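All values derive from a computational prediction rather than experimental measurement. In what follows, chains are A, B, ... by sequence order, proteins preceding strands, each numbered from 1. Keep in mind that the numbers below use all heavy atoms, side chains included, and drop hydrogens, waters and symmetry copies.
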2 protein chains.
Amino acid sequence: MEVTVQVSDPEVARLCEARQILNRVGDKWSIAVIYALDGATLRFTELRREVHGISQRMLTATLRTLERDGLVRRTVHPVVPPRVDYELTDLGNTLRGTVCTLMTWAVNHADDIAKARAEYDARPAS
Amino acid sequence: MEVTVQVSDPEVARLCEARQILNRVGDKWSIAVIYALDGATLRFTELRREVHGISQRMLTATLRTLERDGLVRRTVHPVVPPRVDYELTDLGNTLRGTVCTLMTWAVNHADDIAKARAEYDARPAS
DNA sequence: CTGGATCCTATAGGATACTG
DNA sequence: CAGTATCCTATAGGATCCAG
């Protein structure tokens, strides 16, 4: 979408801009791809194996966007068959820690969330 | 959607589950709402003012999901006019730090990303 | 192997109007 | 005030086929 919102308060504008960025980075696959590239250089197919369930189309799209945003570096080796490597850029690396923290948080609290959902769903419809 | 994927490898299964959770938490508005509730108890309308651009419908939906996931506590005061307070639960608080880090990261690197995009778009179409 | 191009569907999410 | 209900559109994203 990439909608630009005009707001008078510059602080608010910054937060809105930040939200847009996070919406991008936090889309369905980006986090998983960044997580997979944590400290590793991977080829397209390797990434596809690593990020289970991603379609070819979305892996391509996600990588393109991450590359455009300067988070991932794409290196094409002029060989046959083609070989393309993906790795995090310096900017991408500034996200590594947080993304890993996020993943760990999700893994560690999956049960809590599942439990909370079960309780919520079991509550009598007010 | 809430698709359950069957995978043999339990480690992979955990990561897939984590991804689903992050997809939820990382949806268009959740991060912003959690960020707004960072250390604060807010009413519906206050939240709406705080999270600029969110529609009433999406604020309600986001809050419901966060409540169901056990991240946000909703307290209804039986008064007229109605008063409903929202705050982070203990579980929600375990996300505060990371969410704030994320927001800060986005604010701090918005320029880098904008620059990267401009460069990418200026590149000759390979 | 690494994609691009197409097609198609489900869904997210905005706008608006109504209610206890 | 704090929602719910309805309607509608854009878009995300999967499946599939093709290509250098």
Specify the separation, in whole Å, of atom [atom1] of [X] and atom [atom2] of [N].
X: Q20(A); N: dG13(C); atom1: CD; atom2: C1'; answer: 15 Å
X: W29(A); N: dG13(D); atom1: CH2; atom2: C1'; answer: 10 Å
X: L63(A); N: dG3(C); atom1: CG; atom2: P; answer: 8 Å
X: D27(B); N: dG14(C); atom1: CG; atom2: P; answer: 11 Å
X: R48(A); N: dG13(D); atom1: CZ; atom2: P; answer: 16 Å
X: R24(A); N: dA12(C); atom1: CZ; atom2: C1'; answer: 17 Å
X: L59(A); N: dG14(D); atom1: CG; atom2: P; answer: 11 Å
X: H77(B); N: dA2(D); atom1: NE2; atom2: P; answer: 10 Å

- Give a yes or no on whether a salt bridge exists between D121(A) and R123(A), defined as a side-chain N under 4.0 angstrom from a carboxylate O. no
- Note: E17(B)-R14(B) ion pair, threshold 4.0 Å (strictly below): no
Consider the side chain of [X], meaning its heavy atoms from C-beta on, and name the nucleotide among [options] that approaches it most closely.
X: P81(B); options: dC1(C), dC1(D), dA17(C); result: dC1(D)
X: R43(A); options: dG4(C), dC1(C), dG14(D); result: dC1(C)
X: T45(B); options: dG3(C), dC1(C), dC1(D); result: dC1(D)
X: M58(A); options: dG3(C), dA17(C), dG13(D); result: dG13(D)

Under 4.0 Å between a side-chain N/O of [X] and OP1 or OP2 of [N], yes or no?
X: R74(B); N: dA2(D); value: no
X: R57(A); N: dG3(C); value: no
X: Y86(A); N: dG3(C); value: yes

- 5' precedence on DNA chain D between S55(A) and R83(B) (nearest-nucleotide basis):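 Looking at the nearest nucleotide for each, R83(B) comes out on the 5' side.
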- Message: Measuring from atom OG1 of T75(B) to atom CZ of R43(B), what distance do you get when rounded to the nearest 0.5 angstrom?
- Response: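 Between atom OG1 of T75(B) and atom CZ of R43(B) there are 12.5 Å.
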- Message: Distance check, rounded to the nearest 0.5 Å: R49(A) atom CZ versus F44(A) atom CZ?
- Response: 12.0 Å
- Query: Which part of the nucleic acid does R64(B) contact within heavy-atom distance under 4.0 Å: base, sugar-phosphate only, or nothing?
  - Reply: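 Sugar-phosphate contact only - R64(B) comes under 4.0 Å of backbone atoms but never of a base.
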- Query: Can D38(A) and I34(A) be said to form a side-chain contact (heavy atoms from CB on, under 4.5 Å), step by step?
  - Reply: CA-CA 6 Å; D38(A) 175 50; I34(A) 292 173; over 6 Å; no
